[in-house]
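Structure record follows, encoded as structure tokens.
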Amino acid sequence: MKFTVLKKDPATAARRGRLELAHGEVDTPCFMPVGTQATVKSVTPEEVEETGARIILANTYHLGLRPGIEIVKNAGGLHAFMHWDRPILTDSGGYQVFSLADLREISKEGVVFRDHIEGTLHTLTPAKSIGIQQALGADIIMAFDECPPYPSGREYACQSLDLTLQWAVQSRKSHTDGPQVLFGIVQGGLHRDLREKCVEGLEEIGFAGYGIGGLSVGEPREMMFETAEFTAALLPEAKPRYLMGTGTPEELVVQAGFGVDMFDCTVPTRYGRNGSVFTREGKLVVRNAVYKDDHRPLEEGCGCYACRHYTRAYIRHLFNTGEILAHRLATIHNLFFYQELMRGVRRAIDQGNYRKFQQDFLENFRSEASDSSEASDARATAKRRN
RNA sequence: GGGGAGAUACCGAAGUGGCCAAACGGGGCAGACUGUAAAUCUGCUGGCUAUGCCUUCGGAGGUUCGAAUCCUCCUCUCCCCA
């Protein structure tokens, strides 16, 4: 792997970079669509690529369980198995320690999961996680960590951090040389000193890049921003910084300004399947009745496949009737929107005016439909018509 | 012509004297969703001048302190036999 910082924004900590990985190059800051089960839900790899995505995520816990590494190995590795020949990053299963909290028990050695499908027990240790990730053959693999929930008291955050650091050592030891690179993950909750301690510890071990973990787990947005900014600044300049699991379009724009190089989030794909799409003006719940007779594209001027060929009224109709195509079109649009957003971010940094780009974007983008006078006007109109 | 069953909110369907503005499902409307146990989950769904009031369980009348629920008549629907 080679990571090059091409340009630094004069007014913010934002930076433009390029990642050279085993399966290709990725311009940063980048957004990585999430494909937990070796598929970005509802869309084909060609469609993912057409949105502009150059790297995607997959998941160790889920793929280790089903179909299991033997089958993926026999298929010729994850890339061949899922027919995606660009870079892949696999998450270690650390997030499942958080999201499947009711089904697992943490010990010093690792985590015992009661598998959510069959109920049988599976132990994930740092060595096992790395072993699975190497077998899958992703370009970037992640150290096994504990993602503690919010709120976590200082004592718990402290313990959890020690565990994550121990696991980082073991992850590093288990990682054999090859085209794959291993990233460490910074934990420490919202505590500055713990984040500092974690970064120090990880740097001592030495990783190709660093994930900032433990955010977007329910903490107030301001606290997430504060912690992300602070933590990003602690990390070595020459290595890629990956803010794990976040976020909304605004969060990406804000946090790219902290010097984050990589993002991933389920928001564009999940929101798409659940009937929400993004536009430069904010979130639009295309499922809603306001759009039943609205024959404009999801976003005017958008170049995505969905917007080139279909209208809000049609896509709402598809959602309303439970048609699969609704999920596909909304997902394609959202992924394109995210990639278009990142293209804008990169261009602005290239031009050295990231601050202005941020301001313009945030001024236009309304995250809550209720903030939008246009949306509430539209709702009122719909009510009158009914 | 004879016998039987039924009519409940937008639809289907429970309820058979007070705890009923009425279970449950569908539909509709809205909200949530952040390293995906998610094509999922949650809320609302008669009206209003709203800790209460008004209208509503096919229609009209009656019994009762009180009726979707009991009685009488009427209207309509379905099934079986001729």
Side-chain angles (χ1 to χ4, degrees), chain A residues 31-43 56-63 65-66 89-104 113-119 129 133 138 140-147 150 183 185-187 210-221 224 228 242-252 255 260 262-276 278 283 285 287-292 316 318-331 334 338 367-370 375-376 379 382-383 386:
Chain A
F31 177 81
M32 307 181 279
V34 179
T36 304
Q37 317 248 39
T39 168
V40 178
K41 292 186 194 298
S42 89
V43 290
I56 62 172
L57 246 70
N59 184 277
T60 301
Y61 170 83
H62 290 285
L63 294 176
L65 226 51
R66 279 193 310 194
L89 180 152
T90 42
D91 184 37
S92 59
Y95 185 72
Q96 279 61 47
V97 180
F98 164 76
S99 66
L100 302 179
D102 296 341
L103 303 173
R104 54 80 176 150
F113 288 96
R114 183 165 293 281
D115 136 25
H116 65 278
I117 307 151
E118 294 188 314
S129 173
Q133 295 187 76
I140 300 176
I141 66 177
M142 302 301 296
F144 189 53
D145 65 327
E146 188 207 346
C147 177
Y150 174 84
F183 281 24
I185 300 177
V186 185
Q187 291 291 353
Y210 295 92
I212 301 171
L215 294 180
S216 58
V217 290
E219 74 283 5
R221 185 178 270 185
M224 170 173 75
Y242 161 30
L243 181 53
M244 306 180 77
T246 179
T248 64
E250 305 136 283
E251 290 167 359
L252 262 49
Q255 297 179 118
V260 171
M262 305 160 70
F263 298 93
D264 81 283
C265 193
T266 64
V267 159
T269 43
R270 180 180 290 168
Y271 274 45
R273 289 194 308 285
N274 292 339
S276 293
F278 292 101
K283 188 184 80 176
V285 184
R287 250 187 12 228
N288 285 359
V290 212
Y291 304 111
K292 67 178 162 197
R316 175 187 133 87
L318 294 178
F319 271 110
N320 221 242
T321 48
E323 288 293 337
I324 301 171
L325 188 57
H327 304 125
R328 293 185 20 75
L329 294 177
T331 298
N334 281 347
Y338 266 62
S367 54
E368 317 284 320
S370 54
S376 57
R379 270 198 300 279
K383 211 171 177 182
N386 290 339

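Residue numbers begin at 1 in each chain, while the letters A, B, ... track the order of the sequences.
Protein atom CZ of A:F319 is 17 Å distant from nucleotide atom P of B:C33, rounded to whole Å.
Across all strands shown, B:U36 forms no Watson-Crick or G-U wobble pair with both key distances under 3.5 Å. Using N1 to N3 plus N6-O4 or O6-N4 for Watson-Crick, or N1-O2 and O6-N3 for G-U wobble, each under 3.5 Å, B:G6 pairs with B:C76. Pair check for B:G61 finds B:C71; Watson-Crick or G-U wobble, both atom distances under 3.5 Å. With a 3.5 Å ceiling on both atom-pair distances, the Watson-Crick or G-U wobble partner of B:G1 is B:C81. Base pairing annotation: B:A23 forms no Watson-Crick or G-U wobble pair, as no partner gives both donor-acceptor distances under 3.5 Å. In this structure, B:G31 forms a base pair with B:C41, meeting either the Watson-Crick or the G-U wobble geometry with both donor-acceptor distances under 3.5 Å.
Closest contact between the side chain of A:R221 and the listed nucleotides B:C33, B:U34, B:A30 involves B:U34.
Distance check on atom P: B:U69 versus B:G6 gives 15 Å, rounded to whole Å. Comparing B:G61 with B:A67, their P atoms sit 14 Å apart, to the nearest whole Å. Using atom P as the reference point in both B:U45 and B:G58, the two lie 23 Å apart (nearest Å). Taking atom P on both B:G46 and B:G35, the two are 37 Å apart, rounded to the nearest angstrom.
A centroid separation of 6.0 Å or more is found between the aromatic rings of A:Y242 and A:Y210. The aromatic ring centres of A:F263 and A:F31 sit 6.0 Å or more apart.
One finds a side-chain N or O of A:R316 lying less than 4.0 angstrom from the OP1 or OP2 phosphate oxygen of B:C29. Phosphate contact (OP1/OP2 of B:A32, side-chain N/O of A:K283, threshold under 4.0 Å): present.
Under the 4.5 Å side-chain criterion, counting only non-hydrogen atoms from C-beta, A:M244 is in contact with A:M142.
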Could you give me the CA-CA distance, side-chain angles and deciding distance for A:Q96 and A:T60, then say whether side chain to side chain contact (heavy atoms under 4.5 Å, CB included) is met?
CA-CA 10 Å; A:Q96 279 61 47; A:T60 301; over 6 Å; no
For nucleotides 35-40 of chain B, give me one character per nucleotide, 5' to 3': B if any protein heavy atom sits under 4.0 Å from the base, S if the only such contacts are to the sugar-phosphate, - if neither.
BBBBBB
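Rounding to the nearest 0.5 angstrom, the gap separating the CD atom in A:E118 from the CZ atom in A:R66 is 8.0 Å.
Contacts of A:Y95 classified as ring pair (Phe, Tyr, Trp, His ring centres under 6.0 Å), with partners at least two apart in sequence or in another chain: A:F98.
Ring pair A:Y338/A:F278 is perpendicular by interplanar angle, where above 60° counts as perpendicular and below 30° as parallel.
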